[in-house]
Amino acid sequence: MKHIHISIEQQTLQLNDDHTLINEYIISSAKNGIGSTEGSYCTPIGRFFVDEKHGYNAPPYTIFKSRQPQEIWDKTQNDGDLILSRILWLQGSSAHNANTKQRYIYIHGTNHEDLLGTPHSCGCIRMANKDVIELYEQVSIGTSVTIE
């Protein structure tokens with residue numbers, strides 16, 4: 001059974017099948033640190049699962065707004081926190097992170113690939129666009145996620 005493990009300290013995401021490492025990716029978690037408070041722009045920790053997937057067959061660098069594909073990012077707009085390529089929408093599995101989906105916490109592609117490896121997001125888990133597309137294709141709705 002596949003499982004995603006995210007390390008805030010190491011700024012990595014590991015995809016495992018049972019106890020075998022499939023791949024490891026560099027990520028960026030929240031610039032504001034960890035937490036589950038609404039409006040905190042923090043990354044929640046604990047156990048989660050992939051509740052929704054968005055972006056099937058969308059071209060790489062597609063910009064999503066409200067989970068709907070818009071235009072293709074032309075790589076010039078670097079201000080803001082664009083949601084690109086694919087979205088894995090997380091839902092918390094514990095009381096302390098039960099508001100994760102309502103906070104719109106995603107694993108998604110980013111227009112700030114140069115900042116991967118450092119905490120710099122607004123709460124989501126940012127990934128390189130090619131990496132999030134690869135991850136998206138390997139996981140299904142219901143895949144368990146741990147963030148610690």
Side-chain angles (χ1 to χ4, degrees), residues 1-70 73 80-148:
M1 178 169 279
K2 291 189 178 164
H3 175 76
I4 295 170
H5 180 266
I6 297 169
S7 169
I8 300 295
E9 181 180 341
Q10 296 176 11
Q11 293 293 291
T12 57
L13 181 152
Q14 294 181 334
L15 177 61
N16 299 287
D17 193 351
D18 289 321
H19 298 290
T20 303
L21 179 65
I22 296 173
N23 214 333
E24 183 173 77
Y25 306 97
I26 297 171
I27 58 104
S28 182
S29 62
K31 186 176 188 176
N32 288 351
I34 58 173
S36 297
T37 305
E38 182 77 32
S40 66
Y41 299 103
C42 291
T43 298
I45 58 172
R47 296 187 183 276
F48 307 83
F49 62 91
V50 175
D51 195 47
E52 292 184 31
K53 293 173 58 175
H54 297 272
Y56 178 74
N57 273 347
Y61 303 104
T62 296
I63 298 172
F64 287 85
K65 294 188 178 172
S66 299
R67 295 159 309 284
Q68 298 302 310
Q70 306 295 307
W73 178 56
D81 184 14
L82 297 180
I83 297 170
L84 302 179
S85 298
R86 300 291 184 275
I87 297 169
L88 300 174
W89 195 355
L90 302 180
Q91 174 60 54
S93 297
S94 305
H96 76 276
N97 63 20
N99 66 347
T100 298
K101 188 167 185 187
Q102 292 85 344
R103 292 181 59 214
Y104 302 98
I105 301 296
Y106 307 145
I107 299 171
H108 66 82
T110 181
N111 57 314
H112 295 290
E113 289 183 334
D114 57 318
L115 297 173
L116 293 173
T118 62
H120 209 271
S121 81
C122 297
C124 291
I125 301 297
R126 294 178 181 171
M127 295 181 71
N129 290 282
K130 68 175 183 54
D131 292 347
V132 77
I133 291 169
E134 183 178 298
L135 179 66
Y136 181 98
E137 292 171 356
Q138 295 183 74
V139 301
S140 57
I141 291 174
T143 298
S144 64
V145 179
T146 302
I147 304 175
E148 56 185 16

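The figures that follow rest on heavy atoms only: side chains count, while hydrogens, waters and symmetry mates do not. Index from 1, following the sequence. From a predicted model like this one, the values you see are computed outputs, not experimental measurements.
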Measuring only between side-chain heavy atoms, which start at C-beta, is [X] closer than 4.5 Å to [Y]?
X    : Y    : value
H108 : D81  : yes
P44  : I105 : yes
H112 : R126 : yes
H54  : Y106 : no
P60  : I133 : yes
T143 : L88  : no

Search all heavy atoms of [X] against all heavy atoms of [Y] and return the closest pair with its distance.
X    : Y    : result
N129 : S85  : OD1-OG, 2.8 Å
P119 : A30  : CB-O, 3.4 Å
Q14  : L21  : CB-CD1, 3.7 Å
M127 : L13  : SD-CD1, 4.0 Å
S36  : R103 : CA-NH1, 3.4 Å
M1   : D17  : N-OD1, 3.2 Å

Are more than 12 heavy atoms, taken from residues, nucleotides or ligands other than [X], located less than 6.0 Å from that residue's [atom1] atom?
X    : atom1 : value
Q102 : CD    : yes
K31  : NZ    : no
L115 : CG    : yes
I8   : CD1   : yes

Do you see a donor-acceptor pair shorter than 3.5 Å between the side chains of Y104 and R67? no
Distance in Å, [X] [atom1] paired with [Y] [atom2], rounded so as to fall on 0.5 Å steps:
X    : Y    : atom1 : atom2 : value
F48  : T100 : CZ    : OG1   : 4.5 Å
I4   : S144 : CD1   : OG    : 8.0 Å
Q70  : I63  : CD    : CD1   : 8.0 Å
N111 : Y61  : CG    : OH    : 11.0 Å

What do the steps show when you test I147 against L90 for side-chain contact (heavy atoms from CB on, under 4.5 Å), and what is the final call? CA-CA 11 Å; I147 304 175; L90 302 180; 4.2 Å; yes
So, using side chain to side chain contact (heavy atoms under 4.5 Å, CB included) as the criterion, who are the partners of [X] when residues are at least two apart?
X    : result
F64  : A58, T62, P69, I83, I87
K130 : none
T146 : H3, H5, R47, E148
S94  : H96, N97

Please check: side-chain N/O of S7 versus main-chain N/O of Q10, any donor-acceptor pairing under 3.5 Å? yes
Between D131 (side chain only) and Y25 (backbone N and O only), is there a donor and an acceptor less than 3.5 Å apart? no
Criterion side-chain contact (heavy atoms from CB on, under 4.5 Å) on Q11 and L116, from CA distance to verdict: CA-CA 8 Å; Q11 293 293 291; L116 293 173; over 6 Å; no
Please name all residues satisfying salt bridge (charged side-chain N to carboxylate O under 4.0 Å, His left out) with D51, sequence neighbours left out, ordered by chain then number. K101
I would like to know whether T110 and H120 meet side-chain contact (heavy atoms from CB on, under 4.5 Å); could you show each step before the answer? CA-CA 11 Å; T110 181; H120 209 271; over 6 Å; no
Pair I125, T43 - check side-chain contact (heavy atoms from CB on, under 4.5 Å), show working. CA-CA 8 Å; I125 301 297; T43 298; 3.9 Å; yes
The ring-ring contact (aromatic ring centres under 6.0 Å, His included) partners of Y41 (sequence neighbours excluded) come to none
